Amino acid sequence: MSAPFQFPRVIAWEVTRQCPLKCRHCRAAAANVPYSRELSTAECRKVIDSLVPAVAQPNARPPMIIWTGGEPMLRTDILDLVRYATQHGIRSVMAPCGMLVTEERLRELKDAGVMACSFSLDGPDAAAHDAFRGVPGAYENVTRAMSIAHAIGMPFQVNTTVSTLNVDKLDAIYDKAVSLGAAKLDLFFLVPVGRGKGIADYALSDEQTKTVLDWCFRKAVEGPLAIKETCCPSAPGHWARQGQPGPRPTGCLGGRGFAFLSHVGDLQTCGFIDVPCGNIRDYNCDFRALAAAAANPLGETGTCRHRD
């Protein structure tokens, strides 16, 4: 008997793939150009409608949306979509790159319902960060955005893609995140997909990964920042074997209460696994119907009910 279907608790929604940065690791190899076939405002609203539980149940609540991209703030309707989600009881967080953040726009997003943001910082200074993000001024923009968030009371976390390019700078990145007012540091271990294939040689070795994990576990206890490890399936096992203090790491989130919806409506286990489980347009933009079909893809005839 198969396990009962469990609806995702968190959905990372790539509402656009367009992005002004040229990050070396980008899973989507995103460019600063319009992308065709992105879900329209009306289609996005239908997706949001489908996230609300049809039947009231104890402790039942819609999933949280991570509005991401590309650069989600490039969508002209992003404020309306966040507000619409909030009206449906859906919690929202956002992952902007920082270039489009102003105090006015961030206040508008906060008022619309964005509860927190994540900002990427891949080096403790402009030279390191800009080289990784591929655009001069990226460091100035993202640190300014974090300062604005801190000033208006918008909680935020710092995301860092850890590789051999910056593994020796983690203490400095941590200290910079603290000084800017971050609440959490989330280390994303390099996954060489998309443009990231070009820097596959910079992925950490097994021994380097263990050293970084030990650092994470220690810093999580010392504080003041909470620490999270993302895209590191070995983290829970290493934590258990070493008898490390602090909270147990999650490891890989894919298929464990987490899902990714692409800019054209493809449902994926996560953004780094570019294998669609189906397309939401084939299900009239009903996320629940698509997710249920993806969880149980075989119909009575034994044939796949969604597209390859």
Side-chain angles (χ1 to χ4, degrees), residues 2-15 39 41-69 72-73 75 77-96 106-118 149 153-157 159 183-184 186 226 228-230 236 247-263 265-271 273 277-281 283-296 306:
S2 61
F5 168 61
Q6 294 184 342
F7 198 74
R9 299 186 299 275
V10 177
I11 299 171
W13 190 352
E14 180 194 58
V15 285
L39 297 176
T41 301
E43 289 174 319
C44 289
R45 282 174 171 252
K46 291 179 71 173
V47 173
I48 292 169
D49 289 338
S50 72
L51 298 179
V52 181
V55 179
Q57 297 176 343
N59 301 319
R61 63 188 309 181
M64 180 175 72
I65 294 176
I66 303 174
W67 302 94
T68 187
M73 292 182 70
R75 280 204 58 136
D77 60 356
I78 191 62
L79 192 64
D80 292 334
L81 293 178
V82 171
R83 189 179 293 114
Y84 191 72
T86 301
Q87 292 169 352
H88 284 67
I90 297 171
R91 297 161 296 149
S92 289
V93 296
M94 186 172 286
L106 203 56
R107 284 190 184 276
E108 289 177 340
L109 286 166
K110 183 181 179 184
D111 291 342
V114 173
M115 302 185 304
C117 287
S118 63
M154 170 76 82
F156 69 92
Q157 71 177 43
N159 293 347
K184 179 187 292 185
D186 194 345
K228 184 180 178 184
E229 307 82 24
T230 297
R248 183 183 187 278
T250 303
C252 179
L253 294 174
R256 302 175 61 197
F258 177 89
F260 176 88
L261 189 65
S262 82
H263 65 301
D266 286 335
L267 177 64
Q268 298 171 208
T269 302
C270 83
I273 302 177
C277 304
N279 188 278
I280 202 162
R281 284 181 167 127
Y283 293 82
N284 195 29
C285 292
D286 187 331
F287 191 100
R288 289 183 175 271
L290 169 56
N296 183 25
H306 60 69

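All figures in this text were calculated on a predicted structure; none of them were measured in a lab.
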In Å, rounded to the nearest 0.5 Å, how long is the span from [atom1] of [X] to [atom2] of [Y]?
{"X": "E229", "Y": "D186", "atom1": "CD", "atom2": "CG", "result": "8.0 Å"}
{"X": "R91", "Y": "I66", "atom1": "CZ", "atom2": "CD1", "result": "10.5 Å"}
{"X": "L79", "Y": "M73", "atom1": "CG", "atom2": "CE", "result": "9.5 Å"}
{"X": "S92", "Y": "I78", "atom1": "OG", "atom2": "CD1", "result": "8.0 Å"}

What pair of heavy atoms forms the shortest contact from [X] to [Y], and how long is it?
{"X": "L261", "Y": "V47", "value": "CD2-CG1, 4.2 Å"}
{"X": "T68", "Y": "A95", "value": "OG1-CB, 4.0 Å"}
{"X": "C285", "Y": "S50", "value": "O-OG, 3.7 Å"}
{"X": "I11", "Y": "P63", "value": "CD1-CG, 3.7 Å"}
{"X": "A85", "Y": "W67", "value": "CB-CZ2, 4.0 Å"}
{"X": "F287", "Y": "A259", "value": "CZ-CB, 4.3 Å"}

Any side-chain heavy-atom pair of [X] and [Y] under 4.5 Å:
{"X": "Q157", "Y": "K228", "value": "no"}
{"X": "P155", "Y": "M115", "value": "no"}
{"X": "C44", "Y": "Y84", "value": "no"}
{"X": "L253", "Y": "V10", "value": "no"}

side-chain contact (heavy atoms from CB on, under 4.5 Å) against A149, all qualifying residues, sequence neighbours excluded:
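Partners of A149 under the side-chain contact (heavy atoms from CB on, under 4.5 Å) test: L106, F119, M154, F156.
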
Passes side chain to side chain contact (heavy atoms under 4.5 Å, CB included), M94 versus L109? Steps please.
CA-CA 9 Å; M94 186 172 286; L109 286 166; 3.8 Å; yes

Taking the side chain from Q268 and the backbone from F260, do they hold a donor-acceptor pair closer than 3.5 Å?
no

Would you mind checking if D77 and R75 are paired as a salt bridge, meaning a charged N to carboxylate O distance below 4.0 Å?
yes

Please assess I65 against L51 for the test side chain to side chain contact (heavy atoms under 4.5 Å, CB included), listing each intermediate value before the final yes or no.
CA-CA 10 Å; I65 294 176; L51 298 179; 3.9 Å; yes

Test applied, side chain to side chain contact (heavy atoms under 4.5 Å, CB included); reference residue, I280; option that passes from L39, D266, L267, D286
L39

For D80, what residues pass the side chain to side chain donor-acceptor pair (under 3.5 Å) criterion, not counting sequence neighbours?
R83

Using the ring-ring contact (aromatic ring centres under 6.0 Å, His included) criterion, which residues pair with F258? Sequence neighbours excluded.
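For F258, no residue satisfies ring-ring contact (aromatic ring centres under 6.0 Å, His included) once neighbours in sequence are set aside.
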
